[in-house]
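Right, one structure below, let's go through it.
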Amino acid sequence: MSITHKPSDGRVPGQGSGPDAGAGTRPEGPGGEDGIGAAGAQLSTQPADTLASGPSLGPLGWLRWMWRQLTSMRIALILLFLLSLAAIPGSLIPQRSDELKVTAFKKAHPDISPLYSRLDLFHVYGSPWFSAIYILLFVSLAGCIVPRSWQFVGQLRAKPPGAPRRLDRLPAYSTWRTDASPEQVAQAARKALRGRRFRVDVTGTSVAAEKGYLREAGNLLFHVALFGLLIGFAWTSLNAASGGKLVVEGQDGFVNNLTQYDDFSGGTLYGADDLKPFGFSLDSFEDQYATSGPERGTALKFQADIHYWSGTSSAHPTKGTISTNHPLSIGGEKVYLISHGYAPVVTVKDAQGNVAYQGPVPFLPQDANLTSTGVIKVPDAMGKNGKPDQLAFEGFFTPTGDTAQGPVSLFPAELQPILWLNAYHGDLGLDSGIAQNVYQLDTTHMKQYKLNTKTGVNGVALGVGDSMTLPGGAGSLEFDGVKRWASFTISHQSGNELALVSGIIAILGLMGSLFIQRRRIWVRAVPSDQGTLVETGGLGRSESARIADELGHLVDQLQPDAPVRAAPAHASQPDAGSGAADDDAGPGSGATPDAEATPEAGATPGPAAPAPDPADEAEPATVPGSGASNAPDEPPTPPHDEGARA
C-alpha cells in the first residue's frame, strides 16, 4: 500500500488556467484534463468564462462581457484602489464643511483655487466623480455576491461528485488489496468519513466525500461584509453632523441649538431641524503636567468636569466628565473634548467711567506652554464728548510669564499669569455687516494708543489685580483673574454600528476563506481474483500537503475493517494498483521497488501487496456505480520525480 502526493502547478486538475481557473472550464478529452473531469469542477463559486470559447461577440455579447468585467474581482480591487486615491484630496484640502479654512486656503492660493473649485476638490465626498466610483463599487460587489450565493446554495444541496476514472492521477492517492468485501470497505469508508465530518455519498461500492464548504461561505461572508461596510460609510456620511463650541467655566454653558454653535456642518439627511435637545455647562477644567525631569511640561491629565441634561429642562442635571479620547454620550450624541486654554477676566471702563465690558475673554494657545493670543473688543465704549469711541485690546497671555523674558510662557500651568496688551480706539467695523473673527482685530479704522512712551513700547504687562489707564482719560482696563475654557465637538453619527459589525464579520469571513481548505476524497472498492482492490484519492481546492495527510489518516482508520492482504511467498514486487509491469513502474506510479525503503513524511506504512495477477491485466476492473473502467490500452501513468509514499 502506498500514498502518493503529487505537487501540481497550483491549478486544480480539470479546471484550466488563467484568471477564471477553478470555475469549471471545459474539460479536455473524454475524461477531462488528467482524466479527472467533473470531479475537480465547482470547487469554487467563481463564474465560468463562457465567452472565451464562444463565437464572435455581438451587441449582447459585448454587454455580457462588460458586465462580467465589472463584476470580476480584478475590477472590484481596482475600484477600491481608486476610492482610496479619491479620498486623499478630501484629507489634504479643506472641505466645505469648514468654510473658514476653505476661505483661508483660497486667499493663500489664489492661482490654484479656481482649478480646485472646478474639480470639486473642496467638496470631494459629494462630487460626481467620487459618487461614480462609489456606485460602481456597489454594483460590482452586488453583481459578484448574488450569482455566487446562488451557486453556493446549489453546491450545498448537491451531492459530492462521483469518483474520476483514474484516481491515481489525483494529487493524493493510495491503493491496496484486502480480503474484506467491497461492501464492507464502502461501509467502513462511509463511517470513517462521516466521523471526520465529511458530506458522504455512496454509490454501490464507491464512496464520494467532500468537506470545507465554510471556505466559500467565508469568502461570500467577506464580500457581504464589505458591502455592509460601504453602506455603513455612505449612511454615516449622509446622516452625519458635527459642530464646535467653546465653553468658559462658570458661564451659561451650551444648549444644542444651531445659534449656540461656533461652527456647524450638517449632512444631507441631517440638518439643524434634526438636532436633539440637550445641554451642558463646564464646572471646571483639570490639567496636570510633569514638573521635573526631561519630560517637564508634558501633559499628564486633561479632564472637563461638567453638568449635563437631556431634553428641554435643565432642572435636574447630571454630573459627568469628558477627557481626551473618552467622549460622553448625551442625548444620543457624542461630545468630545478637543482643546483647552485660558480666559483672562477683565473689567473695561470707558471715558465716562461706565463699565463697558466685564468678563472672561478666551485667548487661543500658540505653543506647548500655552502662550496665547487674543483680542478684547469693547463696542459699547463712549468718549469724553459723549460720542461712541470703541475700544480694543490686543496681545498675549502667558500662564507662567516673566517680564524680563517677554510675552513667552515658560510653563503651561497657571503659576505666574501675565497679560500683555496694546490698546486701540476708533471704529471696530462691526456695523458693516461683514462677519468678523472674534479672535482677530481689524485695525483699518482704528488708532493705536501710545503707551510707555519713555521706553518706546506701545504695550503694558499686567499681573492679576493690575490695571492700565488709557492716555487722555479715554478709559481703563483691570486684570481681575483667570478662568479656564474648553472646546468641545458635538458629533452625530448613525452608521458606526453597522460599519463596526461589518468590519468584524469581514475579518471572520477572511479568516475562513484563508485557513479552511475545500477538499474531496473518494474511496473505490473493486473485486478481483486476488481480493478486493481498494483505491483512495484526494483533491484540494489549492495545492497543499494537508490533503495527503488527511488521506493517510483515513487509510489508517480503514485498516481494521479492510486490512492489507498478506503478500504470497513468491511475490517480489508490491502491487502499485495500476496494472503496470515491473519495467514500467517508475516514481509516482504507486509502485515501491524496494520493500525496505524508508517511508516519506506523512506516509502510511503497511505490508507489501502481492504482484498483479495476469487475470487482472486481461480483464479491466469495472468500478460499480461510476460508469467508467480502466481500459487495458490506456497509457500508463506518467512518472513523477517526487516518488511514492511507501
Side-chain angles (χ1 to χ4, degrees), residues 94-103 123 126 235-285 303-324 326-341 343 345 357-364 374-375 377 379-380 430-431 433-440 483-496:
Q95 301 296 290
R96 291 180 186 173
S97 57
D98 193 338
E99 288 291 347
L100 292 177
K101 290 185 177 180
V102 172
T103 303
H123 190 49
W235 181 249
T236 300
S237 177
L238 294 173
N239 197 38
S242 63
K245 177 63 178 178
L246 187 148
V247 182
V248 180
E249 62 180 355
Q251 300 300 301
D252 295 335
F254 168 77
V255 177
N256 194 29
N257 186 284
L258 185 61
T259 59
Q260 293 282 301
Y261 281 95
D262 296 333
D263 58 84
F264 179 81
S265 175
T268 304
L269 303 179
Y270 192 94
D273 297 335
D274 301 309
L275 294 175
K276 299 179 181 180
F278 70 87
F280 62 90
S281 60
L282 179 63
D283 299 331
S284 62
F285 186 87
Q303 178 177 298
D305 300 320
I306 68 170
H307 275 83
Y308 65 93
W309 61 91
S310 296
T312 56
S313 175
S314 60
H316 303 286
T318 303
K319 188 176 182 180
T321 60
I322 305 175
S323 58
T324 306
H326 291 83
L328 182 66
S329 180
I330 307 176
E333 315 290 17
K334 292 285 189 180
V335 181
Y336 297 85
L337 175 64
I338 300 301
S339 59
H340 65 97
V345 181
Y357 178 84
Q358 187 176 33
V361 181
F363 276 49
L364 302 182
V375 174
K377 298 180 180 181
D380 299 327
L430 299 178
D431 299 330
I434 302 176
Q436 287 190 9
N437 191 329
V438 296
Y439 303 106
Q440 295 179 353
K483 287 191 174 185
R484 304 300 302 271
W485 63 261
S487 180
F488 302 91
T489 289
I490 297 89
S491 176
H492 172 82
Q493 292 182 334
S494 57
N496 289 340

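FYI, side chains are in, hydrogens and waters are out, and symmetry mates aren't considered; it's all heavy atoms of this structure. Position 1 is the first residue of the sequence, and the numbers go up from there.
Among residues two or more places apart in sequence or in another chain, the ring pair (Phe, Tyr, Trp, His ring centres under 6.0 Å) test is passed with Phe280 by Phe254, Phe488. By the side-chain hydrogen bond (donor to acceptor under 3.5 Å, both in side chains) test, Gln260 pairs with no residue at all, sequence neighbours left out. Checked against side-chain hydrogen bond (donor to acceptor under 3.5 Å, both in side chains), His123 has no partners two or more places apart in sequence or in another chain. For Trp485, the side-chain contact (heavy atoms from CB on, under 4.5 Å) test picks out Leu246, Val248, Ser339, Ala343, Pro362, Leu364, Pro365, Ser487, with sequence neighbours left out. By the side-chain hydrogen bond (donor to acceptor under 3.5 Å, both in side chains) test, Tyr439 pairs with no residue at all, sequence neighbours left out. For Lys377, the side-chain hydrogen bond (donor to acceptor under 3.5 Å, both in side chains) partners two or more places apart in sequence, or in a different chain, are Gln436.
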> Where do His340 and Arg484 land on the side chain to side chain contact (heavy atoms under 4.5 Å, CB included) test, with the steps shown first?
Replying inline: CA-CA 7 Å; His340 65 97; Arg484 304 300 302 271; 3.1 Å; yes

For residues 307-324, tabulate all N or O donor-acceptor pairs below 3.5 Å that involve a side-chain atom, not counting sequence neighbours.
residue : atom : partner : partner atom : Å
His307  : ND1  : Asp283  : OD1          : 3.4
His307  : ND1  : Asp283  : OD2          : 2.4
Ser313  : OG   : Ala315  : N            : 3.3

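Note that the OG atom of Ser265 and the CG atom of Asp263 stand 8.5 Å from one another [nearest 0.5 Å].
When all heavy atoms of Ala241 and Phe264 are compared, the pair lying nearest together is CB-CZ, 4.0 Å. When all heavy atoms of Val247 and Gly253 are compared, the pair lying nearest together is CG1-CA, 4.0 Å.
Every pair passing side-chain hydrogen bond (donor to acceptor under 3.5 Å, both in side chains) that includes a residue from residues 241-258 is listed here, sequence neighbours excluded: Asn256-Tyr261, Asn257-Thr259. Counting only residues at least two apart or in different chains, salt bridge (Lys or Arg N to Asp or Glu O under 4.0 Å) contacts with residues 303-313 are absent.
Counting only distance, with no hydrogens or angles, the side chain of Asn239 and the backbone of Thr236 share no donor-acceptor pair below 3.5 Å.
Between Gln303 and Phe285, the closest side-chain pair of non-hydrogen atoms is not below 4.5 Å. Taking the side chain as every heavy atom from C-beta outward, Leu269 and Trp235 approach each other to under 4.5 Å. In this structure, the side chains of Lys276 and Glu333 come closer than 4.5 Å at one or more pairs of heavy atoms. Within the 4.5 Å cutoff, no side-chain heavy atoms of Leu328 are placed close to those of Tyr336.
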